[in-house]
Amino acid sequence: MPIFIAHRASRKPVLPVIREHLLMYAIGSVAYTGLELLYRGYTHVSMVVTGGICLLIIHLVCQRLSRHSLLFRACLGAFIITCTEFLVGCLVNLVLDWQVWDYSSYAMNLWGQICPLYCFYWFLLSFPAVMISDIVAISMRPCLAGELFFGQRIPTVKEVPSDAKKEKKSLKTIPSRSS
């Protein structure tokens with residue numbers, strides 16, 4: 001049974017929205033941790049948190065822009081990941097001196113925290129991230145499937161158009177014709 005306190009912006013029940021956001025955070029954390037373990041053989045707890053934050057932000061932004069192309073949303077995803085990587089890198093590598101990563105040997109790096117090569121990698125990674133976001137949004141909100149695939153919103157079973165209610169009332173009030 002959903003909680004009936006509604007989120008101000010969307011007027012949706014809060015519990016499904018929180019569940020969707022937690023799911024996106026968890027998928028991002030697990031997926032990025034697994035990717036980093038496969039690529040480097042090790043990871044850091046800050047990357048677990050950063051992976052979750054990145055996918056959650058991508059989800060929030062890309063669902064607002066769901067009518068835009070996958071390419072555009074992947075570019076936004078790469079921008080989001082690169083900005084998050086820079087901010088987290090400044091904190092964990094420069095301020096806390098944990099030395100989680102160092103791109104200073106790569107061309108055109110910024111303080112050793114971000115570089116064009118990894119920005120390109122984040123662009124490639126953003127395609128599946130955006131697709132995962134769409135899949136989760138569709139599975140958590142079935143009426144969104146029509147919007148994404150058919151260009152129109154398909155009402156759920158619980159929704160009854162207000163015009164249908166008025167038509168039922170108006171049919172009852174029509175006087176019968178007498179000869």
Side-chain angles (χ1 to χ4, degrees), residues 5-141 144 147-148:
I5 301 171
H7 187 266
R8 282 186 178 186
S10 63
R11 298 289 182 214
K12 289 185 244 172
V14 174
L15 191 58
V17 172
I18 291 171
R19 189 179 313 134
E20 182 178 329
H21 294 173
L22 287 174
L23 178 62
M24 292 307 298
Y25 180 84
I27 291 171
S29 293
V30 170
Y32 187 73
T33 299
L35 234 136
E36 197 163 60
L37 287 172
L38 285 173
Y39 182 70
R40 295 192 327 169
Y42 63 95
T43 191
H44 189 268
V45 70
S46 63
M47 295 295 91
V48 176
V49 174
T50 304
I53 289 171
C54 284
L55 190 60
L56 178 58
I57 294 171
I58 288 170
H59 177 69
L60 293 172
V61 170
C62 288
Q63 290 310 303
R64 292 253 181 216
L65 304 172
S66 62
R67 296 205 184 270
H68 287 64
S69 70
L70 178 61
L71 179 66
F72 177 77
R73 293 186 295 155
C75 287
L76 275 176
F79 178 76
I80 289 166
I81 295 170
T82 302
C83 289
T84 307
E85 181 182 37
F86 180 73
L87 293 173
V88 171
C90 287
L91 176 66
V92 301
N93 295 329
L94 302 179
V95 175
L96 299 175
D97 197 32
W98 289 350
Q99 300 175 358
V100 179
W101 72 87
D102 184 11
Y103 297 151
S104 57
S105 62
Y106 292 92
M108 297 186 290
N109 71 81
L110 180 61
W111 300 343
Q113 305 311 305
I114 57 173
C115 68
L117 177 63
Y118 275 83
C119 187
F120 176 70
Y121 291 159
W122 304 144
F123 171 69
L124 296 178
L125 187 64
S126 292
F127 282 97
V130 171
M131 289 188 273
I132 289 169
S133 171
D134 287 345
I135 290 167
V136 168
I138 288 168
S139 66
M140 301 291 273
R141 295 175 270 159
L144 190 61
E147 215 174 295
L148 289 173

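This one's a predicted model, so the numbers in the text were calculated from it and none came from an experiment.
Scanning both residues, S133 and H59, for their nearest heavy atoms gives OG-ND1, 2.7 Å. P116 and A107 make their closest contact through CD-O, 3.4 Å (heavy atoms, listed as atom of the first residue, atom of the second, distance). Of all non-hydrogen atoms in I80 and C54, the two that sit nearest each other are CG2-O, 4.3 Å. Annotation for S126 and A78: closest pair OG-N, 3.0 Å, computed over non-hydrogen atoms.
In this structure, E85 CD and Y103 OH are separated by 4.0 Å, a value rounded to the nearest 0.5 Å. Atom OH of Y39 sits about 9.5 Å away from atom OH of Y32, to the nearest 0.5 Å. The CD1 atom of I27 sits 11.0 Å away from atom CG of L22, with the distance rounded to the nearest 0.5 Å. Annotation: the span from I57 atom CD1 to M24 atom CE amounts to 11.5 Å, rounded to 0.5 Å. For the atom pair CZ of R64 and CZ of R73, the computed distance is 14.0 Å after rounding to the nearest 0.5 Å. Here N109 contributes atom CG and D102 contributes atom CG; the two are 8.0 Å apart, rounded to the nearest 0.5 Å.
Heavy-atom neighbours of F86 CZ from other residues, nucleotides or ligands within 6.0 Å: above the threshold of 12.
For T82 (side chain) and C119 (main-chain N/O), no donor-acceptor pair under 3.5 Å exists by modelled atom type. N93 contributes a side-chain N or O that, together with a main-chain N or O of V100, makes up a donor-acceptor pair within less than 3.5 Å. S29 places no side-chain N or O within 3.5 Å of a backbone atom of G51 that could act as its donor or acceptor partner. When atom types are taken as modelled, the side chain of W122 and the backbone of F79 share no donor-acceptor pair closer than 3.5 angstrom.
With a 4.5 Å cut-off on side-chain heavy atoms, V88 and W101 count as touching. Side-chain atoms of M131 and F127, non-hydrogen and from C-beta on, do get closer than 4.5 Å to each other. Residues I58 and I81 meet the side-chain proximity criterion, which asks for heavy atoms closer than 4.5 Å. With contacts defined as side-chain heavy-atom distances shorter than 4.5 Å, the pair D134/Q63 qualifies. For the pair F123 and L71, the minimum side-chain heavy-atom distance is below 4.5 Å.
In this structure, a donor-acceptor pair under 3.5 Å is absent between the side chains of E36 and H44.
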> Passes side-chain contact (heavy atoms from CB on, under 4.5 Å), L117 versus M108? Steps please.
Replying inline: CA-CA 9 Å; L117 177 63; M108 297 186 290; over 6 Å; no
>> What verdict does the side-chain contact (heavy atoms from CB on, under 4.5 Å) test give for L55 and Y25, after you've listed the backbone C-alpha separation in whole Å, the side-chain angles of each residue and the deciding distance to 0.1 Å?
In response: CA-CA 6 Å; L55 190 60; Y25 180 84; over 6 Å; no
